Amino acid sequence: MITIVLALAAAGLLGLGFVAQQHAAYAEPLGEMLHLRLLLHLIRKPLWLGGLAAMIGGQLLGALALQRSDVARVVPLTATNLIFALAVAAAVYRERLGRGEWLGAVLVSGGVAVFLVSGEPHSVGPPDSSPAAWLAMLVTLIAAGGLVLVAVRSALSTKAMLLAAAAGTLYGVQDVLTRDSLVRMERTGQGLGALLTAWQPYLLIMVAVVGILLSQSAFDAAPLRVSLPAATAAEPIIGIVLGVAILGERLRVDPPALAGEVAGLIALVAGIIILGRSPFLAKSEQGPARSPDRAQG
């Protein structure tokens, strides 16, 4: 129960953080996408800093949840952040949620519940440290890079979706690296000292920084209805797959359980897509004043 509370609290802070960050990032010139100067400009904005603080708070709560449970159990719960983002947007505009928003919320929350009940995620041993296991993460990082390369040559809305998907992919990698680092600390009993001699924590920092840059670039390119759903859908899927491949996590594989797991993930993604079409998220297009240099640079 504590794990569920921590994960949902993390989702709430992440949703709040994403709304604030997008409102600030969407006003930046398009020519700053994928450049570090985008972050250097955003860090001067109080709204964006507040969103960053909320996101960091959500990630810290997520790390506490990951310390207590598996990635495959925690990440689907944090994927409900889009529900919280929508609730924040509705509160800002002082309007009631419609049938589409409620349907999306039910599909997301119901999908998470069905997946967790059907799959019963659990660990069967320590993380696999063999090169073959970590090859899955390398392939994932290459895939994220491929999404970015395609995004650079795409139209603006497609660019936003692809950059968001790449960011969500890196967030899934980040979840796995966080869980691996926490397990490593616990098993060695050396605390932070155990992390100084391992490469995973250093990769975790790099992945986190690049993930933030990609997500802010996606927020710069398009409003939340375009830029957030892809990241929200990619993170749990990548986290679950890598959790099984690297962390020794397992799901039930009998036919009824597999049917429930697939149905749960389909409902989760469908709900995310429906929520992403909400007019509340589209209103961020009229939110902050746009920079005069919004032309593609």
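Just so we're clear, the structure is a prediction, and the values are computed from it rather than from any experiment. The figures that follow rest on heavy atoms only: side chains count, while hydrogens, waters and symmetry mates do not.
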Residue pair [X] / [Y]: nearest heavy atoms and the distance that separates them:
| X | Y | result |
| --- | --- | --- |
| V71 | D175 | CG2-O, 3.9 Å |
| A160 | A221 | CB-CB, 3.8 Å |
| L182 | A63 | CD1-O, 3.4 Å |
| L77 | A7 | CB-CB, 3.6 Å |
| L47 | A24 | CD2-N, 4.2 Å |
| L163 | A218 | CB-CB, 4.0 Å |

Which value, rounded to the nearest 0.5 Å, describes the distance between [X] atom [atom1] and [Y] atom [atom2]?
| X | Y | atom1 | atom2 | result |
| --- | --- | --- | --- | --- |
| L147 | S154 | CG | OG | 10.0 Å |
| E101 | L82 | CD | CG | 10.5 Å |
| L61 | L8 | CG | CG | 11.0 Å |
| I237 | T232 | CD1 | OG1 | 11.0 Å |
| M137 | I142 | CE | CD1 | 12.5 Å |
| L214 | F219 | CG | CZ | 11.0 Å |

Quiz item: Residues in side chain to side chain contact (heavy atoms under 4.5 Å, CB included) with I266, at least two apart?
Solution: V262
Could you tell me whether the side chain of [Y] reaches within less than 4.5 Å of the side chain of [X], counting heavy atoms only?
| X | Y | value |
| --- | --- | --- |
| I240 | P76 | yes |
| L42 | D220 | no |
| R277 | I273 | yes |
| M55 | N81 | no |
| L170 | L141 | yes |

Practice problem: Could you verify whether a donor N or O on one side chain and an acceptor N or O on the other, from S215 and Y171, lie under 3.5 Å apart? | Solution: yes
Just list the side-chain donor-acceptor pairs under 3.5 Å for residues 106-117, sequence neighbours left out, or say none.
{"residue": "S109", "atom": "OG", "partner": "A105", "partner atom": "O", "Å": "2.7"}
{"residue": "S109", "atom": "OG", "partner": "V106", "partner atom": "O", "Å": "3.3"}

Sidechain-backbone polar pair: [X] side chain, [Y] backbone, donor-acceptor under 3.5 Å:
| X | Y | result |
| --- | --- | --- |
| R252 | E120 | no |
| R179 | S69 | yes |
| S227 | A222 | yes |
| D254 | A257 | yes |

Practice problem: Give the intermediate values and the outcome of side-chain contact (heavy atoms from CB on, under 4.5 Å) for residues Q174 and T178. | Solution: CA-CA 6 Å; Q174 181 179 327; T178 299; 4.2 Å; yes
Quiz item: Run the side-chain contact (heavy atoms from CB on, under 4.5 Å) check on R250 and V244 step by step: do they pass?
Solution: CA-CA 6 Å; R250 293 294 180 267; V244 171; 4.0 Å; yes
Quiz item: Are V207 and V74 co-members of a hydrophobic cluster defined by side-chain heavy atoms under 4.5 Å apart?
Solution: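 Yes, same cluster.
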Quiz item: Can I274 be reached from L224 by stepping across I, L, V, M, F, W or Y side chains whose heavy atoms are under 4.5 Å apart?
Solution: no
Quiz item: How would you list all residue pairs meeting side-chain hydrogen bond (donor to acceptor under 3.5 Å, both in side chains) that involve residues 50-68, not counting sequence neighbours?
Solution: none
Quiz item: With a cut-off of 6.0 Å (strictly less than), are more than 12 heavy atoms of other residues, nucleotides or ligands near CD1 of I2?
Solution: no
Quiz item: Does CG in L138 sit with more than 12 non-hydrogen atoms of other residues, nucleotides or ligands closer than 6.0 Å?
Solution: yes
Quiz item: Which one of Q21, Q22, E32 satisfies the side chain to side chain donor-acceptor pair (under 3.5 Å) criterion with Q216?
Solution: Q21
Quiz item: Out of I246, L204, I205, L242, which residue meets the side chain to side chain contact (heavy atoms under 4.5 Å, CB included) rule with L177?
Solution: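 Exactly one option meets the side chain to side chain contact (heavy atoms under 4.5 Å, CB included) with L177, and it is L204.
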